[in-house]
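What follows is one structure encoded as structure tokens, with my remarks underneath.
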Amino acid sequence: MMKKFSLHLFSLLLTISLVSQLLKSQDDDFVRQPAGRVILTPHDRSDSDPQQVHISLAGKDHMRVSWVTDNSHTKSIVEYGEKSGKYNAKATGEHTRYDYFSYTSGRIHHVTIGPLEPSTTYFYICGGSGPEFSFKTPPQTHPIEFVVVGDLGQTDWTNSTLAHIKSIDYDVLLLPGDLSYANGHQPLWDSFGRIVEPLASRRPWMVTQGNHEVESSPVVSPTGFKAFNARWQMPYKESGSTSNLYYSFEVAGTHIIMLGSYAEFDTESSQYAWLVSDLAKIDRKKTPWVSGIACTVV
């Protein structure tokens, strides 16, 4: 068991190290462009209509649909089906909201739907009203195509990056931290949710946190990550983790480990104990590909 774990851990660390070195070597010839202007994406729907819609994988054959409404009475329900306008399935979820100084978020909904068929397009509506959305589920086996993008923010460069992503017929997006660059200014989380919705509502976006998600404050958020945890709920419970800051998931023969660079990670930490357990459970015959994603490599 220990030998098997050691081999898994070595492979994981080697993958992270090689990616880090590759990025570093590219940085040697990279000329950083000037910062782009911040783009604020306004809310142009009714208070009861869904906004900031995004989806994420939520265990085997399931998808989590998340969105925000300004109306506090909108129900956390998703209706869906394989034909546009015809919804033969329905799921109910939960909702939350949070305060950050004088800011109060809208009602944040999370609904898990499924079981779903692989490589299938589903049409869905959120909360019983508003526009119809659609997404395509990942394939059951590889090949599978990932998009990996970090430090997305919401500037002119963000629009350029999103345009590149839109041109690719990918299956899953991995975002290793630094999403909205809100840095405590909570309305920027809302704006970020709107700018990524056209893509994040169509393919699963699997994210982990970076330093810009910490947003700690002795008064309103002593442990940090208040907005991140409320808005971007990931399948941590499904992977045996006790924190939304680190988790794993499997898709199409691939085991993806999303690590928390800004959560405790020493050998006495909960994250380390979870990682040991997670690596020990990997079946390389079932998931021959194992990858680790983190915002910062320490």
Side-chain angles (χ1 to χ4, degrees), residues 1-23 54-64 138-152 170-179 203-211 213-214 225 228-229 232-298:
M1 175 72 75
M2 195 62 193
K3 182 178 180 181
K4 180 180 179 182
F5 164 71
S6 298
L7 288 174
H8 284 324
L9 182 59
F10 174 76
S11 299
L12 176 64
L13 293 177
L14 180 61
T15 300
I16 295 175
S17 178
L18 288 175
V19 171
S20 177
Q21 292 301 316
L22 176 61
L23 293 176
H54 58 270
I55 63 173
S56 55
L57 300 173
K60 181 176 173 58
D61 304 329
H62 285 72
M63 197 79 72
R64 179 176 289 107
Q140 188 170 15
T141 60
H142 51 270
I144 182 172
E145 186 165 353
F146 295 96
V147 166
V148 182
V149 57
D151 292 82
L152 195 53
Y170 69 98
D171 298 300
V172 179
L173 184 140
L174 307 175
L175 206 169
D178 297 341
L179 284 69
R203 294 291 187 276
W205 279 37
M206 310 305 292
V207 307
T208 187
Q209 97 292 158
N211 60 305
E213 277 72 61
V214 178
F225 307 106
F228 176 80
N229 285 333
W232 291 83
Q233 192 176 112
M234 293 290 113
Y236 71 96
K237 293 180 181 178
E238 291 86 341
S239 64
S241 170
T242 58
S243 171
N244 193 51
L245 304 181
Y246 47 87
Y247 62 95
S248 67
F249 64 95
E250 294 188 351
V251 58
T254 305
H255 187 91
I256 305 292
I257 301 173
M258 305 293 280
L259 296 171
S261 298
Y262 294 89
E264 293 294 330
F265 55 81
D266 59 64
T267 56
E268 302 300 318
S269 68
S270 297
Q271 180 171 198
Y272 184 88
W274 167 81
L275 179 59
V276 170
S277 175
D278 188 72
L279 290 171
K281 296 175 184 176
I282 297 174
D283 182 352
R284 296 302 289 269
K285 293 181 180 179
K286 180 182 177 183
T287 53
W289 297 95
V290 179
S291 297
I293 303 292
C295 181
T296 303
V297 179
V298 181

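Worth saying up front: this structure is predicted, and the values here are computed from it rather than measured.
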Where do Thr254 and Ile256 come nearest, in terms of heavy atoms and distance? CG2-CD1, 3.3 Å

All ring-ring contact (aromatic ring centres under 6.0 Å, His included) counterparts of His54, not counting sequence neighbours: Trp232

Ser261 side chain to Cys295 backbone, donor-acceptor under 3.5 Å: yes

Show the nearest heavy-atom pair for residues Ser56 and Pro204, with the distance to one decimal. CA-CB, 4.1 Å

Minimum heavy-atom distance between Pro288 and Arg284, given as atom pair plus value: O-NH2, 2.9 Å

If you round to the nearest 0.5 Å, how far is CH2 of Trp205 from CG of Leu152? 5.5 Å

List the steps and the verdict of side-chain contact (heavy atoms from CB on, under 4.5 Å) for Tyr236 and Met258. CA-CA 10 Å; Tyr236 71 96; Met258 305 293 280; over 6 Å; no

Please answer whether the main-chain N or O of Ser248 pairs with a side-chain N or O of Ser239 as donor and acceptor at a distance below 3.5 Å. yes

Kindly indicate whether the side chain of Phe146, heavy atoms from C-beta on, has any atom under 4.5 Å from the side chain of Asp171. no

Non-hydrogen atoms of Phe249 and Val251 that approach each other most closely: CE1-CG1, 3.8 Å

Stepwise side-chain contact (heavy atoms from CB on, under 4.5 Å) check, Arg203 with Val172: CA-CA 6 Å; Arg203 294 291 187 276; Val172 179; over 6 Å; no

The criterion is ring-ring contact (aromatic ring centres under 6.0 Å, His included); which residues satisfy it with Tyr246, sequence neighbours excluded? Trp274

Rounded distance (nearest 0.5 Å) linking atom CE of Met206 with atom CG of Leu173: 10.5 Å

Checking side-chain polar atoms at under 3.5 Å, does Tyr262 have a donor or acceptor matched by the opposite partner on Thr296? yes

When you compare the side chain of Val214 with that of Gln209, does any pair of heavy atoms fall below 4.5 Å? no

Quick one: are Glu264 and Tyr272 in side-chain contact, heavy atoms under 4.5 Å? no

Sequence neighbours excluded - side-chain hydrogen bond (donor to acceptor under 3.5 Å, both in side chains) pairs with any residue from residues 138-151: Asp151-Tyr181

The side chain to side chain donor-acceptor pair (under 3.5 Å) partners of Arg64 (sequence neighbours excluded) come to Gln233, Glu238

State which residues pass side chain to side chain donor-acceptor pair (under 3.5 Å) with Asp61; sequence neighbours excluded, sorted by chain then number. none

Do Leu245 and Gln271 have side-chain heavy atoms sitting under 4.5 Å apart? no

Does Leu259 offer a backbone N or O that forms a donor-acceptor pair with the side chain of Thr208 under 3.5 Å? yes

Report the residues that fulfil side chain to side chain donor-acceptor pair (under 3.5 Å) with Asn244, sequence neighbours left out, ordered by chain and then residue number. Asn229

Determine yes or no for a side-chain-to-main-chain donor-acceptor pair under 3.5 angstrom, with Glu213 supplying the side chain and Asp178 the backbone. yes

